[in-house]
Amino acid sequence: MSIVVKNVVKKFPGGTEVLKDLSFQLEEEEMTALLGPSGSGKTTLLRIIAGLEQPCAGEIHIMGKRVDLLPPQQRGIGFVFQNYALFQHMTVYDNIAFGLKIKKKDKDTIHEKVFMFLEKMALQGLENRYPHQLSGGQQQRVALARALASEPKLLLLDEPFAAVDAKLRKELRQWIVKLHEELKLTSIFVTHDQQEALEVADRVAVFNLGKLEQLGTPREIYHRPATPFVASFVGDVNYYRTKVKNGNADLGALQIRAYRLIEGSDVEVVIRPEDVRIEPYHEKADVKAQVRQTTFLGDFFKVEMVIADQQSIIATVPKEQGWVIQPQDWVSVKIISSKLFTKERTPALTLLQKRKDIEDLGQAAQA
Ligand SMILES: Nc1ncnc2c1ncn2[C@@H]1O[C@H](COP(=O)(O)OP(=O)(O)OP(=O)(O)O)[C@@H](O)[C@H]1O
């Protein structure tokens with residue numbers, strides 16, 4: 001049982017395709033982040049799952065049931081959108097009780113549940129207030145309580161922490177992770193904040209231009225990015241384009257071993273700053289670099305260097321090391337790990353993988 005999105009296409013009248021034949025499957029009891037730049041189609045997808053928008057083609061299955069032809073209220077979904085959308089004329093109590101009243105629950109059950117959520121969300125004592133008498137974070141928690149009170153099979157959150165300050169945002173994130181574990185929720189949330197996605201989600205779906213670039217755990221996304229886009233969107237990177245020459249990605253003084261890549265092919269090289277090691281300068285070092293700038297960033301330093309007057313490269317180093325590195329210093333550079341992307345080796349493999357994914361989805365949808 002899970003959430004299946006199968007061959008979903010969306011085009012708004014007069015516009016280009018916002019979602020391009022999108023297929024993937026999300027697991028039950030997991031929290032998935034839809035991550036991507038502005039305009040990549042995250043909110044549109046969330047609205048299609050919720051039933052607030054119709055796809056031009058494709059299917060949505062929630063826990064084994066096809067729902068894309070059902071109205072929103074029959075899909076078993078709870079949602080919380082950016083602007084809270086609380087009922088302004090109702091108290092906190094009535095906002096949380098709203099879904100339960102619609103479901104015609106008896107008065108005692110409603111009372112018990114509302115107080116349970118008030119406690120869980122740390123909103124005790126605020127039940128008689130109106131939304132305008134609450135802080136942003138409190139309003140956001142009421143919106144969540146209201147969505148959760150009707151026990152949705154799936155919770156959808158669109159930028160749930162966007163309207164609150166950085167400190168509260170952090171608190172809300174931690175708090176929602178705890179709640180998720182406690183209530184065994186299945187949820188999908190939209191964010192364009194990569195830190196938030198990596199910190200909070202069990203799995204991250206990275207979108208670009210209406211396509212899914214990669215779906216994986218935060219670790220997979222960070223350490224094994226499937227495309228250059230994922231690598232550079234999630235975390236900081238050194239990024240270069242070059243060609244394979246003599247078995248290496250040729251970056252002048254910096255040569256990166258390119259196993260099994262075609263000689264002369266175009267290659268994109270991605271190196272994370274933490275994978276660039278700086279050592280004291282020694283004559284025999286393979287790669288020498290000159291420091292241009294160092295920036296103190298709390299726990300670590302960012303060191304910007306130039307290799308052989310040619311290639312800019314950034315490293316992050318522990319603060320103990322960072323303090324002693326000065327602009328104009330010469331250092332030796334070692335690349336601990338890098339990732340190479342080439343189109344000239346992968347198309348057949350990519351196609352096979354896609355076909356398999358779609359077959360898997362087909363089976364899941366029929367199950
Ligand atoms: N109702 C609509 N009519 C026409 N175009 C729309 C409509 N809603 C969204 N779009 C377009 O669809 C594209 C995707 O929008 P969407 O809101 O899904 O992106 P997003 O990834 O959620 O972006 P953001 O992070 O900025 O919210 C955008 O180019 C947007 O202009």
Side-chain angles (χ1 to χ4, degrees), residues 29-38 42-43 46-47 49-50 52 77-102 110-152 154-205 218 298:
E29 290 185 18
E30 280 193 351
M31 188 170 200
T32 304
L34 307 184
L35 177 69
S38 184
K42 310 174 298 284
T43 299
L46 205 71
R47 288 174 58 83
I49 297 173
L52 302 173
I77 284 174
F79 35 90
V80 178
F81 288 108
Q82 255 179 60
N83 50 359
Y84 320 124
L86 290 177
F87 302 122
Q88 296 297 322
H89 60 286
M90 286 187 195
T91 62
V92 167
Y93 184 100
D94 288 334
N95 262 285
I96 300 176
F98 182 77
L100 298 164
K101 283 183 185 162
I102 289 198
I110 292 177
H111 190 79
E112 196 183 307
K113 278 210 148 192
V114 170
F115 275 89
M116 183 191 86
F117 277 106
L118 284 169
E119 195 195 320
K120 272 206 191 306
M121 311 280 160
L123 292 166
Q124 300 102 316
L126 302 179
E127 57 272 20
N128 293 322
R129 293 224 192 146
Y130 287 87
H132 72 271
Q133 297 170 315
L134 301 175
S135 72
Q138 287 165 341
Q139 291 187 45
Q140 194 64 307
R141 299 204 300 271
V142 175
L144 264 167
R146 190 182 61 180
L148 289 170
S150 44
E151 294 172 348
L154 173 63
L155 182 66
L156 303 178
L157 307 150
D158 189 3
E159 300 266 4
F161 317 119
V164 292
D165 65 53
K167 187 169 170 285
L168 192 56
R169 197 176 165 102
K170 204 166 177 193
E171 272 173 34
L172 277 172
R173 279 184 202 165
Q174 289 163 349
W175 175 85
I176 204 162
V177 169
K178 194 168 138 257
L179 193 77
H180 212 266
E181 283 163 8
E182 244 177 72
L183 301 180
K184 303 256 171 275
L185 290 171
T186 306
S187 60
I188 305 175
F189 76 101
V190 165
T191 181
H192 56 253
D193 179 339
Q194 39 134 325
Q195 201 57 40
E196 186 163 285
L198 297 183
E199 242 182 79
V200 177
D202 297 303
R203 298 219 291 168
V204 181

Exercise for review: In sequence, state the C-alpha distance, the side-chain angles, and the governing distance for T191 and V200, and then conclude on side chain to side chain contact (heavy atoms under 4.5 Å, CB included).
Suggested key: CA-CA 11 Å; T191 181; V200 177; over 6 Å; no
Check your understanding: Are any side-chain N or O atoms of N95 and backbone N or O atoms of T91, one a donor and one an acceptor, separated by less than 3.5 Å?
Key -> yes
Point to revise | More than 12 heavy atoms from other groups under 6.0 Å of CD on Q133 | key: yes
Exercise for review: Rounded to the nearest 0.5 Å, what's the gap from CZ on R146 to CG on L100? Could you check?
Suggested key: 12.0 Å
Exercise for review: Salt-bridge test for E151 and K113: reply yes if a basic N is under 4.0 Å from a carboxylate O, no otherwise.
Suggested key: yes
Check your understanding: Going by heavy atoms in the side chains, are L148 and L179 under 4.5 Å from each other?
Key -> yes
Point to revise | L126 side chain near L118 side chain, heavy-atom distance below 4.5 Å | key: no
Practice item. Using modelled atom types only, decide if a donor and an acceptor are shared between the side chain of S187 and the backbone of L155 within a distance under 3.5 Å. Key: no
Point to revise | Test applied, side chain to side chain contact (heavy atoms under 4.5 Å, CB included); reference residue, L157; option that passes from L34, L144, V190 | key: L144
Check your understanding: Where is the tightest heavy-atom contact between I176 and M31, given as atom of each residue plus distance?
Key -> CG2-CE, 3.9 Å
Review point. Who pairs with E30 by salt bridge (charged side-chain N to carboxylate O under 4.0 Å, His left out), at least two apart in sequence or on another chain?
Key: R203
Review point. Side chain of H180, backbone of L185: donor and acceptor closer than 3.5 Å?
Key: yes
Exercise for review: Output yes when a side-chain donor or acceptor of Q139 lies under 3.5 Å from a complementary backbone atom of G137, and no otherwise.
Suggested key: no
Point to revise | Shortest non-hydrogen contact from R141 toward M121 | key: NE-O, 2.8 Å
Review point. Which heavy atom in A197 sits nearest to a heavy atom in P218, and how many Å separate them?
Key: O-CG, 4.5 Å
Check your understanding: Out of curiosity, T43 OG1 to L156 CG, how far, rounded to the nearest 0.5 Å?
Key -> 11.0 Å
**Study point:** Validation row: F189, E196 side chains within 4.5 angstrom (heavy atoms)
**Key:** yes
Review point. Looking only at atom types and distance, does a side-chain atom of K42 sit under 3.5 Å from a main-chain N or O of P37, one as donor and one as acceptor?
Key: yes
Review point. Is the shortest heavy-atom distance from the side chain of L46 to the side chain of I188 under 4.5 Å?
Key: yes
Review point. Taking side chain as C-beta onward, heavy atoms only, is V142 less than 4.5 Å from I96?
Key: yes
Point to revise | No-hydrogen, no-angle side-chain donor-acceptor test under 3.5 Å, Y130 and H89 | key: no
Exercise for review: Decide yes or no for V204 and T32: does some side-chain heavy atom of the first lie under 4.5 Å from some side-chain heavy atom of the second?
Suggested key: no
Check your understanding: Hey, does D193 have a side-chain heavy atom less than 4.5 Å from the side chain of R173?
Key -> yes
Point to revise | Student check: side-chain heavy atoms of I110 and Y93 closer than 4.5 Å | key: yes
Review point. Okay, side chain of Q138, backbone of S135: is any donor-acceptor separation there less than 3.5 Å?
Key: yes
**Study point:** Where P152 and A147 come nearest, the two heavy atoms and their spacing
**Key:** CD-O, 3.3 Å
